[in-house]
Peer 1: 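Can you read through this structure? Questions will come right after.
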Amino acid sequence: IFAAACPERTSIADIQANPSKYQDKTVAVAGVVKDSYGLNIPGTQVRGGIYKVDDGTGSIWVVTNDAVPGKGAEIGVEGRIGSGVNWNGKNYGLGMYEKQRKFRKR
């Protein structure tokens with residue numbers, strides 16, 4: 001899913017088992033979007049949200065400044081791991097701040 005310059009894919013279970021190892025580090029995960037909440041106002045720069053990716057070993061919330069992917073999308077995402085991830089006034093705990101995203105072609 002990712003180009004050669006991207007970090008090696010990490011399982012979400014590994015991130016959850018040892019969050020301090022990954023804190024503020026850039027990682028790549030791939031999976032299916034299980035839930036998403038976002039805001040996108042066409043014709044403006046207002047967009048962003050949060051979505052949950054499940055890779056079969058666990059799930060993690062991903063914060064984005066772009067449009068959120070829909071439920072069921074198969075994606076790969078690269079981003080920085082952080083604890084206390086917040087969006088729209090709600091804390092989602094351990095999560096990822098998205099840097100880039102790729103969709104699996106069907």
Side-chain angles (χ1 to χ4, degrees):
I1 291 179
F2 289 99
C6 294
E8 185 176 328
R9 194 162 108 188
T10 305
S11 78
I12 294 171
D14 287 345
I15 296 167
Q16 292 172 330
N18 195 356
S20 61
K21 175 181 175 182
Y22 297 99
Q23 181 71 25
D24 291 325
K25 302 272 191 310
T26 299
V27 300
V29 298
V32 176
V33 176
K34 294 295 184 178
D35 211 353
S36 63
Y37 304 96
L39 177 66
N40 186 9
I41 301 175
T44 71
Q45 293 298 316
V46 178
R47 75 187 83 200
I50 192 161
Y51 59 96
K52 184 186 277 189
V53 175
D54 188 313
D55 71 352
T57 70
S59 60
I60 193 165
W61 287 101
V62 180
V63 175
T64 182
N65 290 323
D66 203 353
V68 296
K71 292 179 186 177
E74 294 180 15
I75 65 168
V77 62
E78 177 186 340
R80 183 179 53 82
I81 298 296
S83 58
V85 169
N86 293 288
W87 184 75
N88 202 26
K90 185 174 178 186
N91 188 308
Y92 290 86
L94 181 68
M96 175 187 285
Y97 294 96
E98 179 186 89
K99 290 184 178 181
Q100 68 176 349
R101 171 188 338 155
K102 304 262 187 201
F103 288 92
R104 182 174 182 194
K105 294 183 181 177
R106 293 181 182 199

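The first residue of the sequence shown is numbered 1, and numbering continues consecutively from there.
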Peer 1: T44: which residues meet the side chain to side chain contact (heavy atoms under 4.5 Å, CB included) condition with it, sequence neighbours left out?
Peer 2: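 T44 satisfies side chain to side chain contact (heavy atoms under 4.5 Å, CB included) with I41, V46 only.
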
Peer 1: Under 4.5 Å between any side-chain heavy atoms of V29 and I15, yes or no?
Peer 2: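 Side chain of V29 against side chain of I15, heavy atoms only: contact under 4.5 Å found.
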
Peer 1: Using side-chain hydrogen bond (donor to acceptor under 3.5 Å, both in side chains) as the criterion, list what pairs up with Y97, not counting sequence neighbours.
Peer 2: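 Expected list: none.
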
Peer 1: Quick test of your reading: applying salt bridge (charged side-chain N to carboxylate O under 4.0 Å, His left out), list the pairs with at least one residue in residues 15-28, sequence neighbours left out, ordered by first then second residue.
Peer 2: D24-R80

Peer 1: Name the residue from M96, E78, R9 that meets the side chain to side chain contact (heavy atoms under 4.5 Å, CB included) definition with V27.
Peer 2: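 Looking at M96, E78, R9, the match for V27 under the side chain to side chain contact (heavy atoms under 4.5 Å, CB included) is M96.
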
Peer 1: Run the side chain to side chain contact (heavy atoms under 4.5 Å, CB included) test against A17 and tell me which residues pass, sequence neighbours left out.
Peer 2: none

Peer 1: Between CD1 of I81 and OG of S20, what distance do you get to the nearest 0.5 Å?
Peer 2: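 Answer for the CD1-OG pair, I81 versus S20, is 12.0 Å.
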
Peer 1: Please check if the side chain of Q16 supplies one atom and the backbone of S59 the other of a donor-acceptor pair under 3.5 Å.
Peer 2: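 Such a contact is found between Q16 side chain and S59 backbone.
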
Peer 1: Strictly by ring-ring contact (aromatic ring centres under 6.0 Å, His included), give each pair with a member in residues 66-85 just once, sequence neighbours left out.
Peer 2: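 Pairs touching residues 66-85 that pass the test: none.
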
Peer 1: Mind checking whether V62 and I75 sit in one hydrophobic cluster, side chains of I, L, V, M, F, W, Y counted as touching below 4.5 Å?
Peer 2: yes

Peer 1: Which residues satisfy the side-chain hydrogen bond (donor to acceptor under 3.5 Å, both in side chains) test with K99, sequence neighbours excluded?
Peer 2: T26

Peer 1: State which residues pass salt bridge (Lys or Arg N to Asp or Glu O under 4.0 Å) with K71; sequence neighbours excluded, sorted by chain then number.
Peer 2: D35

Peer 1: Please enumerate all residues that pass side chain to side chain contact (heavy atoms under 4.5 Å, CB included) together with Q23, with sequence neighbours excluded.
Peer 2: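 Q23 satisfies side chain to side chain contact (heavy atoms under 4.5 Å, CB included) with S83 only.
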
Peer 1: Could you tell me the separation between the CG atom of D14 and the OG1 atom of T57, rounded to the nearest 0.5 Å?
Peer 2: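 Going from the CG atom of D14 to the OG1 atom of T57 covers 7.0 Å.
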
Peer 1: Any pair with a residue in residues 54-65 that passes salt bridge (charged side-chain N to carboxylate O under 4.0 Å, His left out), sequence neighbours left out, goes on the list, sorted by first then second residue, please.
Peer 2: none

Peer 1: What residues, two or more places apart in sequence or in another chain, satisfy side-chain hydrogen bond (donor to acceptor under 3.5 Å, both in side chains) together with S36?
Peer 2: none

Peer 1: Go through the structure and list residues passing side-chain hydrogen bond (donor to acceptor under 3.5 Å, both in side chains) with N65, not counting sequence neighbours.
Peer 2: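 In terms of side-chain hydrogen bond (donor to acceptor under 3.5 Å, both in side chains), with neighbours along the sequence ignored, N65 is linked to no residue.
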
Peer 1: Do D66 and R101 have side chains that get closer than 4.5 Å, going by heavy atoms?
Peer 2: yes

Peer 1: What pairs of residues pass the ring-ring contact (aromatic ring centres under 6.0 Å, His included) test when at least one of them lies in residues 22-51, not counting sequence neighbours?
Peer 2: none

Peer 1: Using 0.5 Å steps for rounding, measure from the CD1 atom of I50 to the CD atom of E98.
Peer 2: 11.0 Å

Peer 1: Tell me whether V33 is reachable from L94 by hopping between hydrophobic residues (I, L, V, M, F, W, Y) whose side-chain heavy atoms are closer than 4.5 Å.
Peer 2: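 Yes, same cluster.
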
